[in-house]
Amino acid sequence: MSHFVPQGLPSRIQHYIDGKFVDSVDGSTFDVLDPVTNQNYLKAASGKAADIELAVLAARKAFTEGPWPRMKNRERAKILHRVADQVASRDKELAEFETFDTGLPITQALGQAQRAAENFRYFADLVVAQRDETYQVPETQLNYVHRKPVGVAGLITPWNTPFMLESWKLAPALASGCTVVLKPAEFTPLSASLWAGIFEEAGLPTGVFNLVNGLGEEAGDALVKHPLVPLISFTGETTTGQLIFGNSAKHLKGLSMELGGKSPAIVFDDADLDAAIDSTLFGVFSLNGERCTAGSRILVQRGIYDEFVERYAKRASNIVVGDPHDPKTEVGALVHPEHYAKVMSYVELGKSEGRLVAGGGRPDNLPTGNYVQPTVFADVKPTARIFQEEIFGPVVAITPFETDADALKLANDVKYGLAAYLWTNDLKRAHNFAHEIEAGMVWLNSHNVRDLRTPFGGVKASGLGQEGGYRSLDFYTEQQAVHISLSPVHTPKFGASAN
Ligand code: NAD
């Protein structure tokens, strides 16, 4: 198979600190490979504590001395709209880079690039529309909220939809007036290397955006432990989140964590079956299944179970797996051979934990590259590891249930609580079930379509705090309460009594 190589692909990338592209202080690099050939195509500067130190000092200087936190919201918003324009106008280039580096299908990478532009536009608009509370205590006091950016924000991101997830943190952090140090995932640093040019072009002041590439346990760890970084926004695995939580304790950092998931899609026997099948297929096989909100456990009511499994398996077997750059491709190549090996180990495990009804290995026509057939296991027991553990690939477990109570028990019987998808035409059941389910986000009769104003976040092991809309601005700002007395103060007069 001929391999598409995007134009302008660099062979090395550096850090971006204080408005300059720089190598690591110790000169070290790490190799980056593309998931179709698994060849190293790029060397990225490998940041350590010394590089993080320089980046944090630059961001700190831009915060304490620079114009960004002091600018009017409207002025910051103008620059962020220019960022959005840049991202939107370069969406094809961005998508090609992203697809080359991650193996995501090109049509889906394009959608993610456009969503990244939308994140900037949305938060630019939101800070201009910002209003804060004022409380009047009749005749005695006026209290108001003075909102100010927290400081240098540390942003640590995963590899699954890198550019979009970076925009998700960058846009509200910058809109709030914070300065930032971004540490992108080491599997996929390519698209992040475009941010510096985009920000320069848009007129972001020097030092506001800094980027340090590197390994999680080196660059990421140093960012988490840096005393001048008061808040960390992290998206990644639950176990990494737990480590970061512990490492942030010393400095009592503000934390926002978007972590793993094993989200249920529950199909009741009164559901629109055609719509449920379309959506539950898309819900786990889009983005190669490397999707935190994937509906990777499908619970189906007994009366429609056999029909559902048969139709679902047939469709899954028809999904087009192939070259990520081909617009016809529906599932591309998994990000990295290590991740491919992990997903394949679950595929093998699933053969003893469930009934294999589709996929089950590498597609015959794709002997190289990190390709996995969309794989469906039926009759999976809730104790099975493929029911309990996040696989983060194109693998789904289907389990039957009898009653609503059974479905609820199965749905909540995992450590995660990110998303849930319910398929039923019974209005009362839909709402009551949604309220009972342990998930940060529920979709009724829909796959994951999210308006940017709504809360995003998980419960249980899926996260800490919620972002989305004003909640993101709340995270990146402090809300200082200012109290003004409007009348003579009646203070108890300590020490004023005569002896
Ligand atoms: P990961 O936890 O391995 O890595 C995420 C980031 O953390 C990377 O940049 C990595 O370098 C860094 N990191 C690793 N160890 C670190 C440490 N000790 N200190 C500081 N930083 C460290 O996750 P991943 O494999 O890149 O991403 C996949 C995971 O992300 C999945 O579990 C998925 O569910 C989750 N995810 C969640 C959401 C969400 O919104 N809930 C969205 C996307 C992905």
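One-based numbering, in listed order, for ligands and for the atoms of each.
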Problem set entry | N or O contact, Leu418 vs ligand 1, cut-off under 3.5 Å |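 No, no N or O pair falls under 3.5 Å.
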For this session: Give yes if a backbone or side-chain nitrogen or oxygen of Thr240 is under 3.5 Å from a nitrogen or oxygen of ligand 1, and no if not.
Result: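 For ligand 1, there is an N or O atom that lies under 3.5 Å from one belonging to Thr240.
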Exercise. Going by heavy atoms, is Pro184 under 4.0 Å from ligand 1?
Worked result: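 Pro184: in contact with ligand 1 (<4.0 Å).
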For this session: For Phe456 and ligand 1, answer yes if some heavy atom of the residue is under 4.0 Å from a ligand atom, otherwise no.
Result: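 For ligand 1, residue contact (heavy atoms, under 4.0 Å) with Phe456 is present.
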Exercise. Taking only residues two or more places apart in sequence or in another chain, which ones pass salt bridge (charged side-chain N to carboxylate O under 4.0 Å, His left out) with Lys351?
Worked result: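 Result, salt bridge (charged side-chain N to carboxylate O under 4.0 Å, His left out) vs Lys351: Glu348.
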Against heavy atoms of [X], which atoms of ligand 1 measure under 4.0 Å?
X      : answer
Ile244 : 19 (N), 20 (C), 21 (N)
Gly220 : 19 (N), 20 (C), 21 (N)
Leu243 : 18 (N)
Cys292 : 34 (O), 36 (N), 37 (C), 38 (C), 39 (C), 40 (O), 41 (N), 42 (C), 43 (C), 44 (C)

Problem set entry | N-O pairing of Glu438 and Lys460 below 4.0 Å |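 Salt bridge flag = yes for Lys460 with Glu438.
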For this session: Could you tell me whether atom 7 (O) of ligand 1 has at least one protein heavy atom nearer than 4.0 Å?
Result: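 Yes, there is a protein heavy atom closer to it than 4.0 Å.
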For this session: Would you indicate which of Gly246, Gly440, Gly216 comes nearest to atom 16 (C) of ligand 1 when only heavy atoms are counted?
Result: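 Among Gly246, Gly440, Gly216, the closest heavy atom to atom 16 (C) of ligand 1 comes from Gly216.
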Exercise. Which is closest to atom 35 (C) of ligand 1 by heavy-atom distance: Gly154, Gly260, Gly236?
Worked result: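 Comparing heavy atoms across Gly154, Gly260, Gly236, the nearest one to atom 35 (C) of ligand 1 lies in Gly236.
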Exercise. Are Glu166 and Leu155 close enough that some pair of their side-chain heavy atoms sits under 4.5 Å apart?
Worked result: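 Sidechains of Leu155 and Glu166: no contact.
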Exercise. With a 6.0 Å cut-off on ring centres, are Trp159 and His336 close enough?
Worked result: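 For Trp159 and His336, the ring centres are not under 6.0 Å apart.
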Exercise. Less than 6.0 Å separating the ring centroids of Phe100 and Tyr41?
Worked result: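 That pair passes the under 6.0 Å test.
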Exercise. In terms of ring plane angle, is the pair Phe120 and Trp195 parallel, tilted or perpendicular, where the classes change at 30° and 60°?
Worked result: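 If you compare the ring of Phe120 with that of Trp195, the planes turn out tilted.
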